[in-house]
Amino acid sequence: MRISPLADELAGLFAKAGHRLYLVGGSVRDALLGRLSADLDFTTDARPEQILKIVRGWADGVWEAGIAFGTVGVTKRGSTLEITTFRADVYDRVSRNPEVTFGASIEGDLKRRDFTVNAMAIDLSTKQFVDPHDGMDALRRKVLDTPATPEESFADDPLRMLRAARFAAQLGFEPAPRVVTAMTEMAGEIQRITAERVQAELSKLLLGRFPRRGLELMVDTGLAEHVLPEVPGMRLAIDEHHQHKDVYQHSLTVLEQAIALERRDDPDAEPDLVLRLAALLHDIGKPATRRFEPGGGVSFHHHEVVGAKMARKRLRALKYPKQVIEDVGQLVFLHLRFHGYGKGEWTDSAVRRYVTDAGELLPRLHKLVRADCTTRNKRKAAALQRTYDELEERIARIQAEEDLAKVRPDLDGNEIMKILGLPPGPMVGKAWKHLKELRLDRGPLDHDEAVAELRRWAAENGL
């Protein structure tokens, strides 16, 4: 292992003060996986007030927000370090909030951690590896198991069940059979956890390398029924294009294909939470809109409208930021529009509206629509992709000619008021909107033509 020089430096300060310092938990796991970050976690026998005394004067910055839980935060040369006193907490098993109790040993501290792969430590003064729960073996086998029994662990903190799904998504690890059993039996306990904490874990899961595995684990254990019930709800519907598979499996495939498009366009790009949420939720309106047609067909009319409302409602319940909610809802609403493009029959006006309605979401909408073109018929799939290529080429051409990102009426509000002799008010807004609709339909108008259209509209409205 390569341990950060900062860790050795900090350990020296603790040793000088008569205390032990351990690199612990996720930092040890990540170091063993070759992915150690600049954010390091430590534990120590020193009490919080002693930690503060040791780090002051050495650290670039110190914060005490977590000191009631025994944690002191430190910044040093661009790294973030969290140092926590040994813990031996007792849980009330009603909430997830423990009665914070400081422990006496590293072994006791490790036993209270969520998974054995996170229950390893390194004594930085002796470089001794501390692994009382065979975390190294679990890491080698890529298995998630708990130091105590999973029932005890999840009763103490039900969020650990969702963390199991999150680690499956981030690390590609499989939960031990006894962990899956406990998750299935105790899934309802997740309702003890606040929406904000659930949302944080769900987001980390979706941003992982293998989100499909994490979502499948949530659905298979019943955890999703309490967190994101619309996703298992899609298992009841049959996709209108592919009646050999359900909408749930289709949506997971779309998610994977959207992620592949993220990486194709920019291999170094950060994972896109909005795109991934939209890909997962784009068809959640199908169960509510499913209709069996004469002759054996299935329809899902307006599922994009219903789905957008459902997506917004669920994301609000999970306390997502307002902008995330609106962006995901709009992508779900727009994802089906391309299928009206046919073989290129859209007018330039329709293309302008597609671009204008998507706004800044257009690059994400391109990825979502392409990811949604799933079919085992290779000829049909290739045709869909070619058609979307053609649409993107048309968009690029019209954008180059008209600067669609800045579509505005050919007359502004001041000109409208001057020409019609109107004071500021609702009628000016209505006139502006009318001219914008004309701009979208017909492209740029010259000034005299725009004035003539404004006067025609005014006459029709009794002005």
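Just so you know, these numbers use all the heavy atoms, side chains as well, and skip hydrogens, waters and symmetry mates.
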Inset, instruction - With rounding to the nearest 0.5 Å, note down the distance linking CZ in R20 to OG1 in T126. - result: 6.0 Å
Inset, instruction - Start with the C-alpha distance between R112 and D109, add both sets of side-chain angles, then the distance that settles salt bridge (charged side-chain N to carboxylate O under 4.0 Å, His left out), and finish with yes or no. - result: CA-CA 6 Å; R112 52 167 284 278; D109 181 271; 3.7 Å; yes
Inset, instruction - Please say whether more than 12 non-hydrogen atoms of neighbouring residues, nucleotides or ligands are located less than 6.0 Å from CD in E196. - result: yes
Legend entry - Crowding at CD, E360 (>12 non-hydrogen neighbours, <6.0 Å): no
Legend entry - Taking every non-hydrogen atom, the tightest pair across L362 and V355: CD2-CG1, 4.0 Å
Inset, instruction - Check for a donor-acceptor pair, side chain of E230 on one end and backbone N or O of I284 on the other, with a separation under 3.5 Å. - result: no
Legend entry - M310 and V332, any side-chain heavy atoms less than 4.5 Å apart: no
Legend entry - Euclidean distance, I106 CD1 relative to D123 CG, rounded to 0.5 Å: 8.5 Å
Legend entry - Output field: ring centroids H335/H303 closer than 6.0 Å: yes
Legend entry - Residue pair H133 / D145, side-chain donor-acceptor N/O under 3.5 Å: no
Legend entry - Expected output: side-chain T146 to main-chain F115 donor-acceptor under 3.5 Å: no
Legend entry - Modelled atom types, side-chain donor and acceptor of Q323 and D327, under 3.5 Å: yes
Inset, instruction - Look only at the side chain of Q249 and the backbone of R235, and say whether a donor-acceptor pair between them is shorter than 3.5 Å. - result: no
Inset, instruction - Work out which heavy atom in M161 is nearest to a heavy atom in M183; give both atom names and the distance. - result: O-CE, 3.3 Å
Inset, instruction - Would you confirm whether D134, through its side chain, and D137, through its main-chain N or O, come within 3.5 Å as a donor-acceptor pair? - result: no
Legend entry - L217 side chain near P175 side chain, heavy-atom distance below 4.5 Å: yes
Inset, instruction - Output the distance between atom CD (E304) and atom OG1 (T289), rounded to the nearest 0.5 Å. - result: 8.5 Å
Legend entry - Closest non-hydrogen atom pair, A317 against A195: O-CB, 3.4 Å
Legend entry - Stacked cation flag K142 on F173, 6.0 angstrom / 45 deg: no
Inset, instruction - Ignoring hydrogens and angles, state whether a donor on the side chain of D39 or S37 is under 3.5 Å from an acceptor on the partner side chain. - result: no
Inset, instruction - Measure centre to centre between the rings of F86 and F102, then say whether the value is under 6.0 Å. - result: no
Inset, instruction - Without swapping roles, check the side chain of H339 against the backbone of L336 for a donor-acceptor pair under 3.5 Å. - result: no
Legend entry - Geometric class of the F338/Y341 ring pair [parallel <30°, tilted 30-60°, perpendicular >60°]: parallel
Inset, instruction - Examine the side chains of R47 and T85 and answer whether a donor and an acceptor come within less than 3.5 Å of each other. - result: no
Legend entry - Minimum heavy-atom distance between R276 and E262, given as atom pair plus value: NH2-OE1, 2.8 Å
Inset, instruction - Establish, from distance only, whether the side-chain atoms of T387 and E390 form a donor-acceptor pair under 3.5 Å. - result: no
Inset, instruction - Could you check I51 against I54 for side-chain contact (heavy atoms from CB on, under 4.5 Å), going step by step and ending with a plain yes or no? - result: CA-CA 5 Å; I51 297 173; I54 292 168; 5.8 Å; no
Legend entry - Between T84 and T71, a side-chain donor and acceptor under 3.5 Å: yes
Inset, instruction - State, to 0.1 Å, how close L261 and A371 come at their nearest heavy-atom pair, and which atoms those are. - result: CD1-N, 3.9 Å
Legend entry - Residue pair Q170 / R209, side-chain donor-acceptor N/O under 3.5 Å: no
Inset, instruction - Could you verify whether a donor N or O on one side chain and an acceptor N or O on the other, from N118 and R29, lie under 3.5 Å apart? - result: yes
